[in-house]
> 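I'd like to ask some things about the structure below.
Because only heavy atoms are used, hydrogens play no part in the values below, and waters and symmetry mates are left out as well, while side chains stay in. Position 1 is the first residue of the sequence, and the numbers go up from there.
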Amino acid sequence: MTETPENQKPEDLNYQAGQFFRYRIPNSKPDDRGENRFFTNSAAPFENKIQISTRIENEKPSTFKKDLSNLNPGDTIEAVGPKGDFILNPNSKFVLIAGGIGITPFHSSLLQLAHEGEALGGILIYANRNSDIVFENELKKL
């Protein structure tokens, strides 16, 4: 993938809502989970950007999430993708069930369908352990 400013996607990168990327942040002493993580791009394709949405536990974050939270604007990390076929067909009926940060593939998919003027032919069931709801305002509008 080519480098771009901030979170703007490279022009030659095409993805569909719901797809994910593998990210790697080198670390000389990674924890047991290693240097790689998989994140759905929580931005919809029409937004023309790459967006990682995750929760970072304050008490004991993984080395990857520590490294992620310590990145500065202009820093780069390795990304491979897009991958996956968890893609909503605009003509199908669906029931989406998500918990917490697991909302990210649905967020990008629902935003894209709405942007394209497609009827949202389904139901979203979303649970969260507290009142800190990811994408709350956008989901209410949808």
> Is a side-chain donor-acceptor pair under 3.5 Å present for Thr63 with Lys29?
no
> Does a sphere of radius 6.0 Å around CG in Asn130 hold more than 12 heavy atoms from other residues, nucleotides or ligands, not counting ones at 6.0 Å or beyond?
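Counting other residues, nucleotides and ligands, CG of Asn130 exceeds 12 neighbours.
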> Compare all side-chain heavy atoms of Thr54 with those of Lys65 and state whether any distance is below 4.5 angstrom.
yes
> Under a 4.5 Å cut-off applied to non-hydrogen side-chain atoms, are Gln19 and Ile87 in contact?
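Sidechains of Ile87 and Gln19: in contact.
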> Can you find a pair of side-chain heavy atoms, one from Gln51 and one from Ser53, that are under 4.5 Å apart?
yes
> Does Arg33, at its CZ atom, have more than 12 non-hydrogen atoms belonging to other residues, nucleotides or ligands within less than 6.0 Å?
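Atom CZ in Arg33 is not packed in, count stays at 12 or less.
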> For the residue pair Pro45 and Ala17, what are the closest heavy atoms and their distance?
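Distance-wise, the nearest heavy atoms are CG-N, 3.6 Å.
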> Hydrophobic clustering (ILVMFWY, side-chain heavy atoms < 4.5 Å, transitive) - are Leu13 and Phe39 grouped together?
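Yes, one cluster joins them.
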> With clusters defined by side-chain heavy atoms of hydrophobic residues (ILVMFWY) lying less than 4.5 Å apart, directly or transitively, does Phe20 cluster with Val80?
no
> Go through the steps for Phe64 and Glu35 under the test side chain to side chain contact (heavy atoms under 4.5 Å, CB included), then give the verdict.
CA-CA 6 Å; Phe64 182 93; Glu35 299 176 329; 5.6 Å; no
> Between Phe135 and Ser42, is any pair of side-chain heavy atoms under 4.5 Å apart?
yes
> Linking I/L/V/M/F/W/Y whenever their side-chain heavy atoms sit closer than 4.5 Å, directly or via other members, would Leu68 and Tyr23 fall into one cluster?
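In one cluster: yes.
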> Taking atom CG of Asp85 as the centre, report whether more than 12 heavy atoms of other residues, nucleotides or ligands fall under 6.0 Å from it.
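Atom CG in Asp85 is not packed in, count stays at 12 or less.
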> Does Leu111 belong to the same Ile/Leu/Val/Met/Phe/Trp/Tyr cluster as Phe86, with side-chain heavy atoms less than 4.5 Å apart forming each link?
yes
> For Pro30 and Ser28, work out which heavy atoms get closest and say how close.
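The answer is CD-C, 3.6 Å.
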> Would you find a donor on one side and an acceptor on the other, under 3.5 Å apart, between the side chain of Asp67 and the backbone of Leu71?
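Checking the backbone N and O of Leu71 against the side chain of Asp67, no donor-acceptor pair under 3.5 Å is found.
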> What distance separates Ser109 OG from Gln16 CD, expressed to the nearest 0.5 Å?
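With rounding to 0.5 Å, OG (Ser109) is 9.5 Å from CD (Gln16).
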> Could you check if a side-chain atom of Asp132 sits within less than 4.5 angstrom of a side-chain atom of Arg55, using non-hydrogen atoms only?
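Contact flag for Asp132/Arg55 side chains = yes.
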> Over all heavy atoms of both residues, which pair between Asn128 and Gly100 is shortest? Give the atoms and the distance, please.
OD1-CA, 3.2 Å
> Within the structure provided, determine whether Leu124 and Ile103 are in side-chain contact (heavy-atom separation under 4.5 Å).
yes
> Report yes or no: do Phe38 and Phe21 belong to one cluster of Ile/Leu/Val/Met/Phe/Trp/Tyr joined by side chain heavy-atom distances under 4.5 Å?
no
> Step through it carefully: locate the ring centre of Phe94, locate the ring centre of Phe106, and say whether they are under 6.0 Å apart.
no
> For a quick test of reading the model, state the closest non-hydrogen atom pair linking Ala44 to Ser108 and the distance between them.
CB-O, 3.5 Å
> Could you check if a side-chain atom of Asn36 sits within less than 4.5 angstrom of a side-chain atom of Ile25, using non-hydrogen atoms only?
no
> If you round to the nearest 0.5 Å, how far is OG of Ser69 from CD1 of Ile56?
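Here the interatomic distance stands at 4.5 Å.
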> Each residue besides Val95 in its hydrophobic cluster should be listed here, by chain and number; the cluster joins Ile, Leu, Val, Met, Phe, Trp and Tyr at side-chain heavy-atom distances under 4.5 Å.
Ile97, Ile123, Ile125
> Go through Glu78 and Arg22 one step at a time and tell me if the side chain to side chain contact (heavy atoms under 4.5 Å, CB included) criterion holds.
CA-CA 8 Å; Glu78 178 183 317; Arg22 180 193 54 83; 2.8 Å; yes
> When rounded to the nearest 0.5 angstrom, what is the spacing between CD in Glu136 and CD in Glu138?
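It comes to 11.0 Å.
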> Do the side chains of Leu110 and Leu96 get nearer than 4.5 Å, heavy atoms only?
yes
> If you measure from CG on Asn41 to CD1 on Ile50, what distance do you get to the nearest 0.5 Å?
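Between atom CG of Asn41 and atom CD1 of Ile50 there are 4.5 Å.
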> So, the side chain of Thr40 versus the backbone of Thr104: is there a donor-acceptor pair under 3.5 Å, distance only?
no
> So Val134 and Leu139, side chain to side chain contact (heavy atoms under 4.5 Å, CB included) or not? Walk me through it.
CA-CA 9 Å; Val134 181; Leu139 292 171; over 6 Å; no
